[in-house]
Amino acid sequence: MSTTMTSAAPAATMTVFMDKTKADDDNVSEQVRLEDQHETVLYAMGGKALYAPVDLTKPGLRILDSACANGRWIKDLMAVSPAKHEYVGTDVVESLYPNPPPEGTQFLDQSIKEPFPEAWKGTFDLVHQRLVMAAAGPERTPSYVVENLAGLLKEGGWLQMVEVATTPLPQNPDSQNQYIDMLDTLYANLYAGTEYEKSNLWSTLPQEMEAAGLKNVQKQEVIVSYGAAVSDPYIQERSLRTAVAGVPNFLSVLRKMPRDVWKSEWDDLEARLYKDLKEKGGYTKYIVAWGQK
């Protein structure tokens, strides 16, 4: 598969999303959204941050969280690890990094659109990335991102990736399925006119891992609950907040796309989604995929 898009790029990329969160309040609200998102997803996963069978009792592992944002995944993995390891977090928004960084960690600027440092190749025991594949489009393909990450692994090392399955769920209120459709439309149109312009784009992550030469590839689907569908009051509040907070930012990207992409149901989606999730709750399917070098 091609790893770099050669066709004309659409007018909008996820940079529009990032520019908006920066301009709104210098990513303060985005920090809250990401923290809420992490707690919501981790709760749905039963507190399990790691699905790949990595032996964390073996000290001195080298662990990378690509697109780490505020480093929360690293912090939680450190909390459950019985041994000390070297943790590296990379992102493109330095203001999100924890300051000061926790002991045993370092946070460095690195885009998933660019090659990682040559010295890093073949040096990591575990590489993790969650909910950021869309940021690569349209300049880089999903194949490129997966190959780039897989190249960092030692022999026997593991890559774990988490993304949203953009398929509607029958138990959802209309607004939640319209939100899922919004994401599906956005992801597909980032790659308009290419082989990647397709529904449920991230469902092929396991195949991309195999194409990158990984073995023992596995996948698990996780249903993430939001709002009234969550029994825990603490997570219920945060899940509602994170579900709705991203809507205007995603819509800002779609508004930059060709006019025929827009759907009228998105005009008041934020308000309807908040009301439905608060009163009825809703669900989104996530894909967790992992494979070994």
Side-chain angles (χ1 to χ4, degrees), residues 1-19 52 64-69 90-93 109-118 120-122 124 127-153 157-167 180-215 217-219 221 249-250 252-254 256-258 261 285-293:
M1 291 184 179
S2 173
T3 59
T4 304
M5 293 286 94
T6 57
S7 61
T13 71
M14 292 303 289
T15 301
V16 175
F17 182 113
M18 296 167 61
D19 289 346
L64 170 68
D65 187 18
S66 170
C68 66
T90 57
D91 207 295
V92 295
V93 186
D109 295 345
Q110 172 69 45
S111 170
I112 65 170
K113 297 181 183 182
E114 302 299 332
F116 284 90
E118 191 68 27
W120 288 16
K121 293 183 178 179
F124 285 92
V127 174
H128 171 267
Q129 183 176 282
R130 184 179 67 190
L131 302 178
V132 76
M133 285 291 282
E139 298 93 336
R140 298 294 192 178
T141 67
S143 297
Y144 173 87
V145 177
V146 175
E147 290 172 8
N148 205 21
L149 295 173
L152 299 172
L153 296 172
W158 289 89
L159 169 62
Q160 177 176 302
M161 303 182 73
V162 182
E163 291 292 339
V164 172
T166 48
T167 52
I180 293 170
D181 175 66
M182 178 198 72
L183 293 178
D184 192 59
T185 302
L186 189 156
Y187 298 156
N189 279 277
L190 287 171
Y191 293 103
T194 77
E195 63 182 302
Y196 292 100
E197 186 184 1
K198 57 187 177 182
S199 184
N200 201 13
L201 181 56
W202 316 129
S203 64
T204 59
L205 275 180
Q207 292 92 324
E208 298 284 5
M209 287 185 174
E210 290 172 346
L214 299 186
K215 58 187 180 181
V217 175
Q218 296 184 58
K219 179 185 81 170
E221 295 179 343
N249 301 327
F250 288 121
S252 70
V253 184
L254 285 158
K256 296 288 187 179
M257 290 183 173
V261 171
K285 184 186 296 182
Y286 281 54
I287 299 168
V288 185
W290 61 97
Q292 186 178 32
K293 182 75 173 283

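In what follows, residues are counted from 1 in the order of the sequence shown. For the numbers below, each heavy atom of this structure counts, side chains included, while hydrogens, waters and symmetry mates do not.
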Under the side-chain contact (heavy atoms from CB on, under 4.5 Å) rule, what do Leu131 and Glu163 come out as? Steps first, then yes or no, please. CA-CA 5 Å; Leu131 302 178; Glu163 291 292 339; 4.2 Å; yes

Closest non-hydrogen atom pair, Ala67 against Val132: CB-CG1, 3.5 Å

Side-chain contact, heavy-atom cut-off 4.5 Å: Ser143 with Tyr196? yes

Smallest separation among heavy atoms of Pro142 and Tyr191, with atom names: CD-OH, 3.7 Å

NZ on Lys256 to OG1 on Thr13, rounded to 0.5 Å: 10.5 Å

From CG (Leu201) to CG (Asn189), nearest 0.5 Å: 11.0 Å

With sequence neighbours excluded, residues passing side chain to side chain contact (heavy atoms under 4.5 Å, CB included) with Lys113: Thr15, Ser111, Glu139, Arg140

Which distance, rounded to the nearest 0.5 Å, do you find between the OG1 of Thr185 and the CZ of Phe250? 12.5 Å

To the nearest 0.5 Å, atom OG1 of Thr141 lies from atom CG of Leu190 at 13.0 Å

Partners of Ser199 by side chain to side chain contact (heavy atoms under 4.5 Å, CB included), sequence neighbours excluded? Asp184

Note: Asp91 and Ala69 closest approach over all heavy atoms is OD2-N, 2.7 Å

Report yes if the side chains of Met133 and Val145 come closer than 4.5 Å at any heavy-atom pair, otherwise no. yes

Residues Met257 and Leu186: closest non-hydrogen pair is CE-O, 3.8 Å

Mark yes or no for whether Asn200, through its side chain, and Thr166, through its backbone, hold a donor-acceptor pair below 3.5 Å. yes

Set of residues satisfying side chain to side chain contact (heavy atoms under 4.5 Å, CB included) with respect to Gln160, sequence neighbours excluded: Leu50, Tyr51, Ala52, His128, Val162, Val288, Trp290

Does Glu208 reach the main-chain N or O of Thr204 with its side chain, forming a donor-acceptor pair under 3.5 Å? no

Can you tell me how far the OG1 atom of Thr90 sits from the CG atom of Leu64, to the nearest 0.5 Å? 5.0 Å

Would you say Gln110's side chain and Glu114's backbone share a donor-acceptor pair under 3.5 angstrom? yes

With a 3.5 Å distance limit and no angle check, can you tell me whether Lys219 reaches the backbone of Pro206 through a side-chain donor-acceptor pair? no

What are the two closest non-hydrogen atoms of Trp202 and Ile287, and how far apart are they? O-CD1, 3.7 Å

Looking at every non-hydrogen atom in both residues, tell me the closest pair between Pro115 and Asn148 and how far apart they are. CA-OD1, 3.7 Å

Gap separating the CG atom of Leu149 from the CD atom of Gln129, nearest 0.5 angstrom: 5.0 Å

